[in-house]
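Just so you know, these numbers come straight off a predicted model, no measurement behind them. Atoms within each ligand, like the ligands themselves, are counted from 1 in listed order.
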Amino acid sequence: MKIPFLTREQVEEIVKTCPTPFHIYDEKAIRENARKLRKAFAWNPGFKEFFAVKATPNPYLLQILREEGCGTDCSSMSELCMADAVGFSEGEIMFSSNETPFGEFTKAKELGAFINLDDITHIPFLEKECGVPKTVCMRYNPGGIYELENGIMDCPGDAKYGCTKEQMVEGYRKLQELGVEHFGIHSFLVSNTTAEEYYPTLARTLFTLAVELKNATGAHIAFINLSGGIGIPYRPEDKPVDILKVGEEVRKVFEEVLVPAGMGDVAIFTELGRFMMGPYGHLVVRAIHEKHIYKEYIGVDACAVNLMRPAMYGAYHHITVLGKEDAPCDHVYDVVGSLCENNDKFAIDRKLPKIDIGDYLVIHDTGAHGYAMGYNYNGKLKSAELLLKEDGSVQMIRRAETIKDYFATLDICPQMHKYL
Ligand SMILES: *Cc1c(COP(=O)(O)O)cnc(C)c1O
């Protein structure tokens, strides 16, 4: 059973000033989770979580995470600018880009970000663009198939990211020649996994590589970035990841592999997105139509523009009908949005209580890769984002888009001026 962090009464109060649809985030739960992650890795003095900005790019939320000791992981110019605006500075930003456009390494270097090179050819690119900083990270791809105890998990061999082991060695040597003094290793091999052995297994891969790289090049490895990928329980029957246990298992591997190699000073970094925010966001929508044809449909006032994961990946997002939490789920619906796209369905053949027009529905676990993935197809506008604060009050942290915003880049077009 998944319980929303909002009641129908609260939503009825909110919609007086901010109509549905909207995304809302739970500050208290975000802070508690961030503290738990810190606790899990408290054994490592240099530990830092660099929140993957792409998951939920909102400055108010970044500020909350900053207060909890997190940095940011950026992969584009706009994300770097947002991190800068919120006040993240030297040592608080990872720049894990790929196919990096010209100009972004310069910005990252100016901000004192850790630059994470996706490829060996980025070394001359970086050097030519702005010169190499004293600390550089390189992204590793072990190739092949990445297996965990419970079976095959993913195929790094098919992924566009990272360097081969030979390239890691060659890259480190080149960077040493260019004056780099401290190094990082980064790798992201499995996405959205609730398998608790993922981080410990990845840690063993990367710690072993770190020892090899140190032996081969003499380089000082300052940090190892386990990156993102820890999943969340989207389905009510899924088990949440016990992060304290994960941290403890990583510690064991650290003591087994790095400490005997004289590398006990390595800092562990993470770059989690989904795990930090996913469960702590809801998309709140309203049932505005019902339709009875070959199936039963409930049409809501949001669409895939507000949450793309179901349309894009067939992802499951749990739905609660507010005020009917305890009612029997004796109806079967497709809950659909208004796009002219048949995959615009938040739920398919979902058992739910009887839904009446005007009911508010909470779509769960939209705190990461939710609002952020939105687009403007069909001329649909992006929603507001709200924050449920620790004192129970609600703050708007992004206003809803207006027609004017949508047409803003057509200001060069005189016919559109009546709408600008
Ligand atoms: C997307 C991404 C993350 C965050 O991934 P989650 O699955 O949200 O944890 C971290 N690092 C990099 C480089 C990414 O591209």
Side-chain angles (χ1 to χ4, degrees), residues 25 30 33-34 36-37 40-41 48-58 61-62 65 70-80 82-83 88 92-100 104-105 108 113-119 122 136-142 146 148 153-154 156 159-163 184-196 198-199 202-203 206 223-234 238 240-241 243 246-247 250 268-281 307-309 312-313 315 317 365-373:
Y25 307 94
I30 292 167
N33 183 64
K36 210 161 157 192
L37 174 70
F41 287 92
K48 198 168 182 71
E49 150 70 7
F50 295 78
F51 174 66
V53 173
K54 75 162 188 255
T56 328
N58 185 297
L61 300 175
L62 296 186
L65 290 174
C70 300
T72 53
D73 162 44
C74 302
S75 58
S76 68
M77 182 62 94
S78 332
E79 290 177 358
L80 284 169
M82 188 182 285
F88 292 94
E92 296 178 331
I93 304 172
M94 281 294 302
F95 186 56
S96 292
S97 59
N98 68 93
E99 317 315 330
T100 313
E104 299 194 356
F105 282 137
F114 294 119
I115 292 178
N116 181 20
L117 298 179
D118 182 65
D119 189 61
H122 287 26
V136 175
C137 183
M138 282 182 67
R139 185 166 181 168
Y140 174 55
N141 181 335
Y146 202 70
L148 301 181
M153 292 304 290
D154 227 325
K160 68 172 177 172
Y161 308 107
C163 308
I185 301 175
H186 169 284
S187 197
F188 187 168
L189 302 183
V190 182
S191 190
N192 188 22
T193 178
T194 50
E196 277 164 4
Y198 172 54
Y199 257 15
L202 175 64
L206 299 187
F223 64 84
I224 293 175
N225 186 341
L226 301 177
S227 187
I230 295 189
I232 59 167
Y234 282 105
D238 290 347
V241 168
I243 198 67
V246 169
V250 172
I268 302 299
F269 291 172
T270 57
E271 217 174 56
L272 295 162
R274 193 183 317 267
F275 180 80
M276 302 306 291
M277 255 339 150
Y280 317 118
L307 176 68
M308 209 187 335
R309 297 187 72 257
M312 191 161 174
Y313 311 115
H317 279 266
D365 302 309
T366 61
H369 312 294
Y371 179 93
M373 287 174 97

(message) I need the contact type for Ala55 against ligand 1. Using non-hydrogen atoms and a strict under-4.0 Å cut-off, is it side chain, backbone, both or neither?
(response) neither

(message) Counting non-hydrogen protein atoms only, what is the nearest one to atom 3 (C) of ligand 1? Give residue, atom name and distance.
(response) Phe188 CE1, 3.5 Å

(request) State, without any angle test, whether Glu104 and Ser76 hold a side-chain donor-acceptor pair at a distance under 3.5 Å. (result) no

(request) Give yes or no for whether the N/O distance cutoff of 3.5 Å, strictly under, is met between Gly273 and ligand 1. (result) yes

(request) Find the distance between OG1 (Thr270) and CD1 (Ile224) and round it off to the nearest 0.5 Å. (result) 13.5 Å

(message) So, applying side chain to side chain contact (heavy atoms under 4.5 Å, CB included) with Leu189, which one of Leu202, Leu206, Leu226, Asp154 is it?
(response) Leu202

(request) May I ask you to list the atoms of ligand 1 that are less than 4.0 angstrom from any heavy atom of Arg139? (result) 13 (C)

(message) Between Asp238 and Thr194, is there a side-chain heavy-atom distance shorter than 4.5 Å?
(response) no

(message) What protein heavy atom lies closest to atom 7 (O) of ligand 1? Include the residue and the distance to one decimal.
(response) Gly229 N, 3.6 Å

(message) Taking a cutoff of less than 4.0 Å between a non-hydrogen atom of the residue and any ligand atom, is Met94 in contact with ligand 1?
(response) no

(message) To check your reading of the model: name the closest protein heavy atom to atom 2 (C) of ligand 1, its residue, and the distance in Å.
(response) Lys54 NZ, 2.4 Å

(message) Side chain or backbone, does His369 bring an N or O within less than 3.5 Å of an N or O on ligand 1?
(response) yes

(request) Return yes when Asn192 approaches ligand 1 closer than 4.0 angstrom through a heavy atom, no otherwise. (result) no

(request) Calculate, to the nearest 0.5 Å, the distance between atoms CD and CZ belonging to Glu49 and Phe41 respectively. (result) 9.5 Å

(request) Consider only side-chain N and O atoms of His369 and Arg309, and report whether a donor and an acceptor are under 3.5 Å apart. (result) no

(message) Suppose I only count heavy atoms of Ala52 and a 4.0 Å limit; which atoms of ligand 1 are within that range?
(response) 3 (C), 4 (C), 10 (C)

(request) Quick one: look up the protein heavy atom nearest atom 12 (C) of ligand 1 and list residue, atom name and how far away it is. (result) Glu271 OE1, 3.4 Å

(request) Using a strict cut-off of 4.0 Å, indicate which atoms of ligand 1 neighbour a heavy atom of Ser227. (result) 10 (C), 11 (N)

(request) Could you tell me the separation between the NE2 atom of His122 and the CG atom of Asn98, rounded to the nearest 0.5 Å? (result) 7.0 Å

(message) Only heavy atoms of Ser96, strictly under 4.0 Å: list the atoms of ligand 1 that pass.
(response) 13 (C)

(message) I'd like to know if the side chain of Asn141 reaches the main chain of Pro156, judged simply by a donor and an acceptor atom lying under 3.5 Å from each other, with no hydrogens or angles considered.
(response) yes

(message) I'd like to know whether Tyr280 forms a ring-ring contact (aromatic ring centres under 6.0 Å, His included) with Tyr25, so could you lay out the CA-CA distance, the side-chain angles of the two residues, the decisive distance to 0.1 Å, and finally the verdict.
(response) CA-CA 5 Å; Tyr280 317 118; Tyr25 307 94; over 10 Å; no

